[in-house]
J.: 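What follows is a structure written as structure tokens; I'll ask about it next.
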Protein chains: 2
Amino acid sequence: MSTTPGTLPEALAQRLADSGLRSTPQREIVYSVLLAKRDHPTADEVFARVKTDLPTISLATVYNCLETLVQCNLVRSVNFERGPTRYCPNLRPHAHFHDEQSGSTHDIDLPPELLEQVKHVLPAGYDAKSIEITFRGKAQPGAR
Amino acid sequence: MSTTPGTLPEALAQRLADSGLRSTPQREIVYSVLLAKRDHPTADEVFARVKTDLPTISLATVYNCLETLVQCNLVRSVNFERGPTRYCPNLRPHAHFHDEQSGSTHDIDLPPELLEQVKHVLPAGYDAKSIEITFRGKAQPGAR
DNA sequence: AGTGAGAATTGGAATTATTCCAAGGAATTT
DNA sequence: AAATTCCTTGGAATAATTCCAATTCTCACT
Ligand SMILES: [Mn+2]
Ligand SMILES: [Mn+2]
Ligand SMILES: [Zn+2]
Ligand SMILES: [Zn+2]
């Protein structure tokens, strides 16, 4: 396992507290579900996964928790096509590769200097706070 | 005016014919509305604009026409956030700058060599057919 | 330990954006 | 001009998300 048991909820609690929010079982499980399988699930998919641990959770709460995690900068919301929003707990600068065959989405790490280069196409007067890059195409089944 | 009168519908008709489709008043007006004001309108906004020329058009037809134009590669559909799909008739390779203050979206031309550079971050096994780049931030009111 | 205030969760209704569908109209082919 | 196919239309249906009011939970204070 990549984290010591008990450590993750505490880090989450800290981040939430920083925003004046409470740690709750619902928020913890939603977040852990995102970390467990980083496949950019929709709210519905998160709902289904969370239910196995917390069968009484509601879909409204899943939406609330996801929104909270996004506000705390623990999760990014991703919209690269019409359809439900997807959620990504990878906080490193990265692009998304959308494999049209399988429908799956892969994270592609972005070197900071590339992001700088991309920013340089902006004419004077534009100040970008964030950049999103999405690739679309086919990925070999085994691609890392 | 940038095009000789009568020329635009013919170019459109040609493109449609290439795909085995017919030119219709609805398709022509939807397309001309997109070209007239390149502000990435939603289907609803297109609907409102088209109505001034063709008050009897239906929203379903606007959706149909937009989809048709996208299929013919005369228009790109754009989704960079939750919310309605937007439509862009700019066919040059370009990125989108989303100004958070005003909510408006600006086209940013992309030099081909930058796109090449960006493609180079893809590990082996990834073959990108298209790349979308979206900036988010603030633009000075007069920014080109 | 008990109470009250505020925070969070919940189920269901409402809203938004889009798609589906069946009927009618227009263009093209025979 | 009849048949065929394409296109448009209004309304119903669907999908995703947000809203809302009622309950439940948590925490600080007594
Ligand atoms: Mn969405
Ligand atoms: Mn949309
Ligand atoms: Zn990601
Ligand atoms: Zn554009």
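The shown structure was predicted, so the numbers you read here are calculated from the model rather than taken from an experiment. Below, chains carry the letters A, B, ... as their sequence lines are ordered, and counting in each starts from 1.
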J.: In the structure I gave you, are the side-chain heavy atoms of I133(B) and E132(A) within less than 4.5 Å of one another anywhere?
T.: no
J.: Just the rounded figure in Å: distance from P of dT18(D) to CD of E81(B).
T.: 12 Å
J.: Report the nucleotide, chosen from dA26(C), dT10(C), dC27(D), that has the shortest atom-to-atom distance to any side-chain atom of R22(A).
T.: dC27(D)
J.: In whole angstrom, give the distance that lies between atom CG of L59(A) and atom C1' of dT9(C).
T.: 13 Å
J.: Take atom CD of E45(B) and atom C1' of dT16(C), then tell me their distance rounded to the nearest Å.
T.: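 It works out to 14 Å between those atoms.
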J.: Under 4.0 Å, heavy atoms only, any strand: does T42(B) hit a base, just the sugar-phosphate, or nothing?
T.: nothing
J.: Please report the distance, rounded to the nearest Å, between CG in N79(B) and C1' in dT18(C).
T.: 12 Å
J.: If you measure from CG on L21(A) to CZ on R15(A), what distance do you get to the nearest 0.5 Å?
T.: 12.5 Å
J.: Can you check the E67(A) CD to dC19(D) C1' distance for me, whole Å?
T.: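 Spelled out: CD on E67(A) to C1' on dC19(D) is 14 Å.
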J.: Quick check on DNA chain D: between N64(A) and T56(B), whose nearest nucleotide comes earlier from the 5' end?
T.: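 Residue closer to the 5' terminus by nearest nucleotide: T56(B).
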J.: Tell me whether R76(B) is salt-bridged to D107(B), with the criterion being a basic N under 4.0 Å from an acidic carboxylate O.
T.: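 Judged by the 4.0 Å cut-off on N to carboxylate O distance, R76(B) and D107(B) do not form a salt bridge.
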J.: Between dC7(D), dG11(C), dT9(D), which one does the side chain of S58(A) approach most closely?
T.: dG11(C)
J.: From the options dT8(D), dT18(C), dT9(C), select the nucleotide whose nearest atom is closest to the side chain of Q26(A).
T.: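 Selected nucleotide (nearest to the side chain): dT9(C).
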J.: Does T85(B) make a side-chain N or O approach to OP1 or OP2 of dA17(C) shorter than 4.0 Å?
T.: no
J.: Of the candidate nucleotides dT17(D), dT9(C), dC19(D), which contains the atom at the shortest distance from the side chain of A60(A)?
T.: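 Taking heavy atoms from C-beta onward, the closest nucleotide is dC19(D).
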J.: I want to check one thing: is the phosphate of dT18(C), taken as OP1 and OP2, less than 4.0 Å away from some side-chain N or O of Y63(B)?
T.: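 Looking at the OP1 and OP2 atoms of dT18(C), one of them is under 4.0 Å from a side-chain N or O of Y63(B).
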J.: Side chain of P84(B), heavy atoms from C-beta onward: which of dT18(C), dG11(C), dT9(C) has the nearest atom to it?
T.: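 Side chain of P84(B) sits closest to dT18(C).
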J.: Below the 4.0 Å mark, does dT26(D) have OP1 or OP2 next to a side-chain nitrogen or oxygen of T24(A)?
T.: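 No, T24(A) has no side-chain N/O under 4.0 Å of OP1/OP2 on dT26(D).
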J.: T61(B) near the nucleic acid: base, sugar-phosphate alone, or nothing, with a heavy-atom cut-off under 4.0 Å?
T.: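 Base: the residue T61(B), judged by heavy atoms under 4.0 Å, touches a nucleobase.
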J.: What is the separation between atom CG on L21(B) and atom P on dA27(C), rounded to the nearest whole Å?
T.: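 So the two atoms are 16 Å apart, to the nearest Å.
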J.: Enter the distance from Q26(B):CD to T56(B):OG1 here, rounded to the nearest 0.5 Å.
T.: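 Rounded to the nearest 0.5 Å, the CD-OG1 separation comes to 7.0 Å.
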J.: Do L34(A) and L66(A) come close enough that some side-chain heavy atom pair is under 4.5 Å?
T.: yes
J.: dT16(C) P sits how many Å from D44(B) CG, rounded?
T.: 10 Å
J.: What is the distance, to the nearest angstrom, from the CG atom on L16(A) to the C1' atom on dA8(C)?
T.: 12 Å
